[in-house]
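Structure first, commentary second.
Letters A, B, ... are given to chains in the order of the sequence lines, protein chains preceding strands, and every chain is numbered from 1. We use all heavy atoms of the structure for the numbers below, so side chains are in, but hydrogens, waters and symmetry mates are not. As the structure is a computational prediction, the values presented were derived from the model and not from experiment.
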Amino acid sequence: MRKLVYLLIAAAALIAACYFGMSYFKSSPVMPTYFAYNSNAINSFKSFSSKEVIDLDALEKWDQVMFELVKSNKLGDAYAGRVYAYLYTAQYEVAALSFNETQSFSGSIDPISAQVLCLFFTDSCSNLVRQGNTDVYSNVLANIVIEKIKQRIAEDKKSTYLYPVAESKEGWVGVKPYFGQEVGSWRTWYIKSSSTFRATPPPPPQSPEWDKELQDVKQQLQAITPEQVKSVVIWAGGGGTITPPGQWLRLANQYMTEKNVPLSKILTVRAVLARGIEDAVISVFDSKYTYLCKRPFMRDSKILTVMPTPNHPSYPAGHATISWSAATILDFYFPENKSEWDRMATDASHGRTWGGIHFPIDSEVGKAMGIKVGDVVISGMEKGHS
Amino acid sequence: MNNMSIRFKLLLGFMIIAILSLTFSLYTVWEFYRVKVDFTNIVDKSIPRVQALLEMKNSSKKVSEMFDHFRLMNENNQAIPLDEKDYLLASLEDIDRWQKTYEAHRVNGNTTLNKGKLGQLRDAVILASIAAFSAHEKNSGAEAEKEAAKQLMSAHLKLDDYIKNAFAEETLNLEKANKAVIRTANNLYIMLIISGISLLVLTFMIAVYLSRHIANPIIALSNFSKNITHSNLSDRVTVNGSAEINQLAHSLNNMLDNLVRTKKQLLQASRMAGMSEVAAEMLHNVGNVLNSVNTSIFMLREKNELSKVNELVRLNEMLQSHRGDLAEYLTSDEHGKLILPYLVPLSQTMRQEHEFSKNELDQLIVNLEHIHTVVRKQQSYNTFSGVVENVSLSTILQEVVDMFISEIHEKGIVLECKWEQSITLETIGDKLKQAIIVIVDNAIDALSDIDKEDKRIIIHAETVDEMVVCDISDNGTGIAESDIEQVFRFGFTKKSNGYGFSLHASACTIHELGGEITIASKGLGYGATFSLKLPVTLPASHQKLKHGERLEAETLVTNNNE
């Protein structure tokens, strides 16, 4: 009997030794970071540890804070998308650095989230830093990442410029200050530059094609169904909403929560999607302010749109570009839900024509641009980059 | 139950505790799980639903107020700013989003409200809002705008009504859930207390049981074994414990029985050994004397055989045959003339024979008297028991010397007696005397077999610091250094005719009398000195002797080892 017990203990010890031995030699999974960090930075938080854990609740909490700030500050899609891209990237970086070092999501994203949002919403900063738990480990991590974020913003600021807007009877005439006049010059996250993804030139302003487009808009506006009205309202995404980039991020988050997607993938998808969408936004604003095409109501002042027409050029449609880049990225990560992603992207794109603020050609070109940007992001992912 | 093995008792005790703990733990975990589920239900489902309803209600109210505001602006001929419509749309989008949130957290069976109804009401509000705004934008006329506003108000009221009902239900659900959580938490609380107390009581009971049935018998056995002494072997342990303890008690009793038997045998053996020692001593002493007796008898017989008595008979016959002419025969006969001159040497020879026989017979009497004395003395040594009294050491020493004096002289030994006449001590005189006899005898033996001119025994005694010190030294064969420590060991002897009893017995005796005995020798050929140290007054530890009791073997052995 005693021999049997010894035998069992020995067997258990052997199995445990094998298990730990294998796990020791097995290469640990690595989450690739967007920014490059030197070893000094990595070593600076190694000596600390944290009892906090990065989890879905923390992400949801900061999503709410972020969306509320965007809504209350009435940010437009371009600016909201920028906040999303920076915050989600920073959160991902903190989580990835912690994971690569400890093989767990230890630490808190509260300090980094508060610091990133502080950069964009200075008025709310004192309130932001009060939200959440932190410790030395998380603070050191946040400091490492926020340096990279600040550096990028500073570099971006240097190269930012306002696109020239030549006011002419044939072209778009907005109300000053124009919305997103500088967005096209922003630094992109994945694509090389916004100009390389610029849309094909639109038909000349006097081209009869525009008359045909205008007729289409009028017809669609005339024949709008209650369902289409609803869709237009839902995807309106004007000031006071979380805007289309936020809507796509929320849809992706809801889907991943429902499907119990692992946290590492959630963090990755959020960051990639936010950056991809922002690249689409930058590209579309480059094209908008390059071609300066009129809005439908500028060709026929009698048109009464369902939603107010945004204060930036028409060609190509921002909603379509944003939505199709988002749908393309989400199709890659969650192909099982492709039809739904595509349906939502179609709804978001078409809504702009149904509502009378875009020509059909705007949405078509926007869709093509969005897919192109999405494909570049995906190809980066396929190559193994974050 | 009482006879159950300790192993099973312990196993059973701990198993009972473990099973009960496990049962309580499982129940606690189950209750805790229920509290958690109820609580999570409130936090994850009810609260988001309530929040969604509230937000919908607020947004709907906001939309409604917005239109009131528009109407006011309209009446004042103010243009509605562009971004007002954005806010309207944002509010409508909020209504949509919160409706979806509510649906996402809806739990089937938790509400009697129609599932699709809220969506329809939401759509009605959205569409009525858009219609109202567009009526205004299109300048459709006051009537149309009024109608649209009416539609919007109606949609808003319907939504509000639904939300009120939903709220009522939610409040009820929350109340139920709240009560359930409190009830379960209370159950858990009570259960934890009950289980804690029950386990405590049970553990205590089991501990008491185990201590009574395992610890107590072991303690009893331990106490009993502490009381086992040389003199107390008669008690037997009676323990009512587990099988192992009963077995242990039984074994202990058996062991005691064996010990008593062995003690008896040992006593018998030592008595036999004592007896044989006495016999050997006696034979040794008597044997020496018997040699002398034998010699005397042999010489007497030889003398007798060579006696001139026959010559006297023959003279008598010759005289009888010449009874008639005796004078003539004596004076003139050739043979007769020789008779008278022959009588002179014959009578002298006969006289010498007589003298010799007398002397030999005297010696024989002395020797026989010696044998008698030895036997008598031995009889006196054999009396083990004795009374404690104040005895004079000088008297004892003198008696011993008297006993051995002839042998000492015979062997040419010089005896020096150096003791104070006044030395007295409280002891058993006979026992002390017996011990000293053995030592003196040993000293004589040490000088017997050596060829030495100055054979000497010195007996010296004095009182030093309430202790009587008596040294008996000889310059005999001495003792090898390696043997010194073994001299008093039972059975140790260097004599060819020795048994190794007497010195051991003497040492025991001296220890029994509260004293100590040591031996010193510079080695073989340098003689030896036995030193006795005895207390003038019997020490407290040996007071038993006064009551005629013997000391326990343990005390003797311990002292002996010292």
Side-chain angles (χ1 to χ4, degrees), chain A residues 1 56-57 60 64 67-68 70-77 80 174-175 179 221-222 224-244 246-247 250-251 253-255 257-258 295 297 301-311 348 351 354-357, chain B residues 7 11 40 43-44 47-48 51-52 55 58-60 62-63 66 79-105 119-140 144 148 151-152 155:
Chain A
M1 184 65 185
L56 218 52
D57 288 344
E60 278 175 10
Q64 269 193 25
F67 287 143
E68 278 310 311
V70 166
K71 280 165 77 174
S72 60
N73 285 278
K74 296 176 182 131
L75 293 192
D77 46 12
V175 180
F179 180 89
L221 195 56
Q222 198 69 40
I224 190 166
T225 63
E227 278 306 308
Q228 285 173 337
V229 171
K230 256 172 57 192
S231 179
V232 168
V233 169
I234 291 163
W235 284 101
T241 68
I242 61 171
T243 74
Q247 282 173 303
R250 183 181 268 162
L251 286 169
N253 283 336
Q254 276 172 0
Y255 179 80
T257 309
E258 275 170 26
R295 289 281 180 175
F297 84 96
S301 59
K302 287 177 187 166
I303 287 178
L304 288 171
T305 57
V306 177
M307 65 290 237
T309 303
N311 188 23
W354 298 333
I357 62 164
Chain B
R7 194 188 301 168
L11 199 67
T40 318
V43 173
D44 290 354
I47 290 176
Q51 190 196 0
E55 294 285 353
N58 282 344
S59 299
S60 172
K62 215 191 285 177
V63 169
M66 222 177 266
I80 298 169
L82 199 65
D83 58 357
E84 284 290 334
K85 196 172 185 184
D86 269 335
Y87 303 152
L88 173 69
L89 289 170
S91 300
L92 293 177
E93 194 224 316
D94 270 349
I95 293 178
D96 173 70
R97 188 163 70 81
W98 288 115
Q99 186 268 333
K100 281 174 182 158
T101 307
Y102 179 81
E103 294 299 344
H105 293 94
Q120 289 167 14
L121 293 171
R122 169 206 63 182
D123 291 352
V125 169
I126 290 172
L127 293 173
S129 300
I130 297 295
F133 203 90
S134 124
H136 167 72
E137 277 184 327
K138 284 175 183 167
N139 285 326
S140 313
Q151 291 290 333
L152 175 64

* Asked: Can a salt bridge be assigned to the pair A:E227 and A:K230 using a cut-off of 4.0 Å between side-chain N and carboxylate O?
  -> yes
* **Partners passing side-chain hydrogen bond (donor to acceptor under 3.5 Å, both in side chains) against B:E55 (at least two apart in sequence or in another chain)** => none
* Got a sec, which residues hit side-chain hydrogen bond (donor to acceptor under 3.5 Å, both in side chains) with A:Q254, two or more places apart in sequence or on another chain? -> none
* Please state whether the side chain, the backbone, both or neither of B:L92 comes within less than 4.5 Å of a heavy atom of chain A. => both
* **Side chains of B:Y87 and A:K74, donor plus acceptor under 3.5 Å** => yes
* **Part of B:L89 lying under 4.5 Å from any heavy atom of chain A** => both
* Asked: What part of B:D123 is in contact with chain A, defined as an atom under 4.5 angstrom from a non-hydrogen atom: side chain, backbone, both or neither?
  -> both
* Asked: Pick from A:N311, A:V233, A:V229, A:T305: which one has the most heavy-atom pairs with chain B under 4.5 Å?
  -> A:V233
